[in-house]
Amino acid sequence: MNNHRFNGSLITHLVCSKCNTFFDHQVVQTFATCCNVPLSAAYDLRNQSIKEIIANDYSMWRYRFALPILDSSNIVSLNEGYTPITELRKLSEQLSNSAIFLKDESVNPTGSFKARGLSMGVSKAKELGIKRMVIPTAGNAGGAMSAYCAKAGIEATVVMPKHTADTLKDECRLYGANLIQMDGLIDACGKKAREIAASTGAFDMSTMKEPYRLEGKKTLGYEIAEQFNWVLPDIIVYPAGGGTGLIGIWKAFKELISMGAIKGLLPKMVLVQSDECSPMVHLFKDGQLPINYSPKPSAALGLAVPYPFATAMMLEVLKESNGIALTVTEEEMEMGVEAIAKIEGVLLSPEGAATYKATQKLFELGWIKNTDKVLLVNTGSWYKYR
């Protein structure tokens, strides 16, 4: 870590996302037991000038004043975050748009945006004295937790669907994690992880069922604001499974507003899912899952989350941002990977390609205008899906 201009965290407490009950951030917490919903961290950001307290550190830890680690010696970092934003000029011309940008999370350690959340989650676990961790994963989160646990000296158990790419299984093993493979999707893995946590005392790192992975993911929002010189894009297109990144970006924007760092309208948030597994699109459009709901695996592994825990928080982001949720097909994602590679020389993950195809659809519908500044988020590396 580099020398920081500011060495403290401004965290004050954890809060229930439904009833606003306060919880102590200095003891081990999971989700809000009062309402069975996620907890999130709260900070005292009043009278803070962000430009004066950003750390001299070109990773996500430059925003550590708004992160929950109290003692910097507990930070477990592989230099995650501060990923590039580039303008996709050829794609912009193709879609008759003046400004389409890409936030490329594939350059993170372990090849995906999961590095942010797991760096934070493992760091806080270390600070709280946790020695064992278990995570259900579609792939990338398991690899990330394995890497950070290896560096922290924490025992890691990863529960993963059998159909997950071998690359993702191998990385968990190489980092020394205990790998358990399950039939089905991540919900089956989640059930197994809960059983392991109950029988061994391992801390369950399931998406949004602990409060700190969200804090790592929210650094995406801080970076987006800073990299756009504190003037946000009009639309952000995000591939959401468990939704931590979508919720985290929105949380970051609200925190930045409280510091007076950004002004004006916030972006419209677009939530993209595969039509093979699209619970949030059903909930957004119909308010419920269909009677014949039958989620299936997707090439976009991170989108195959049939029963996400933080549905209410994702829907709130879409409502507050005047956003939208839509699906793309597996074939469209495959076509999207190839199209962007040939147009821009960038290999997107299937999730990243989903944002491109969704953007294309929204242009055709007139929902995105030619004058809009649009940011696509590529959440992982194409190379990990082989």
Side-chain angles (χ1 to χ4, degrees), residues 1 4-55 57 59-77 81 116-130 203 205 207-223 225-226 230 243-263 266 309-310 312-313 316-317 320:
M1 305 293 292
H4 293 338
R5 284 183 278 172
F6 182 84
N7 259 337
S9 169
L10 297 173
I11 188 170
T12 55
H13 59 277
L14 300 173
V15 61
C16 171
S17 59
K18 185 174 182 180
C19 72
N20 295 321
T21 296
F22 286 12
F23 290 78
D24 187 352
H25 67 94
Q26 297 192 67
V27 297
V28 176
Q29 303 280 8
T30 53
F31 51 87
T33 51
C34 50
C35 298
N36 193 38
V37 295
L39 284 174
S40 60
Y43 304 82
D44 184 1
L45 300 174
R46 296 169 298 175
N47 304 314
Q48 297 293 336
S49 172
I50 189 168
K51 293 178 183 178
E52 294 179 5
I53 57 176
I54 287 177
D57 186 330
S59 74
M60 75 176 195
W61 295 98
R62 71 193 273 104
Y63 310 111
R64 64 159 307 203
F65 65 91
L67 298 175
I69 305 303
L70 304 178
D71 182 344
S72 61
S73 68
N74 292 315
I75 292 174
V76 184
S77 176
R116 294 179 187 267
L118 273 305
S119 172
M120 186 64 61
V122 171
S123 295
K124 195 63 182 178
K126 180 183 175 185
E127 186 159 84
L128 293 170
I130 291 169
F203 184 78
M205 284 290 284
T207 301
M208 295 302 291
K209 290 191 177 180
E210 56 75 47
Y212 298 115
R213 287 174 64 182
L214 176 63
E215 297 306 291
K217 291 285 188 69
K218 84 176 181 190
T219 59
L220 267 167
Y222 276 83
E223 288 175 22
E226 186 178 1
W230 312 108
T244 318
L246 182 86
I247 298 163
I249 289 171
W250 199 247
K251 185 176 191 287
F253 292 163
K254 287 187 169 183
E255 291 176 358
L256 289 165
I257 288 173
S258 73
M259 290 184 280
I262 54 175
K263 296 178 181 178
L266 293 181
F309 186 57
M313 295 177 80
E316 188 68 17
V317 170
E320 290 184 2

- Query: Angle class for the Y222/Y63 ring planes (parallel below 30°, perpendicular above 60°, tilted otherwise)?
  - Reply: tilted
- Query: Is there a side-chain contact between K209 and T30, using heavy atoms and a 4.5 Å cut-off?
  - Reply: no
- Task: First locate atom CZ of F65, then atom OG of S9, and finally report the distance between them rounded to the nearest 0.5 Å.
- Result: 10.0 Å
- Least distance between heavy atoms, F253 atom then G221 atom: CE2-O, 3.5 Å
- For T219 and R116, run side-chain hydrogen bond (donor to acceptor under 3.5 Å, both in side chains): C-alpha distance rounded to whole Å, both residues' side-chain angles, the deciding distance at 0.1 Å, then the answer. CA-CA 8 Å; T219 59; R116 294 179 187 267; 2.9 Å; yes
- Any sub-3.5 Å donor-acceptor pair from K218's side-chain atoms to I247's backbone N or O? no
- Message: Is the shortest side-chain heavy-atom distance between L45 and L10 below 4.5 Å?
- Response: yes
- Item | Q29 side chain vs F23 backbone, donor-acceptor pair below 3.5 Å | no
- N/O donor-acceptor pair under 3.5 Å between Q48 side chain and I50 backbone: no
- Salt bridge or not for E226 and R62, using N-O below 4.0 Å? yes
- Message: Taking atom CG as the centre, does N47 end up with more than 12 heavy-atom neighbours from other residues, nucleotides or ligands that are less than 6.0 angstrom away?
- Response: no
- Message: How long is the straight-line distance from CG of L118 back to NZ of K217, given to the nearest 0.5 Å?
- Response: 8.0 Å
- Could you tell me whether K254 and E320 make a salt bridge, using a distance below 4.0 angstrom between a side-chain N and a carboxylate O? yes
- Message: Looking at R64 and E215, is there a salt bridge between them, counting it only when a charged N and a carboxylate O are closer than 4.0 Å?
- Response: no
- Flag, side chain of S119 to backbone of S77, donor-acceptor distance under 3.5 Å: no
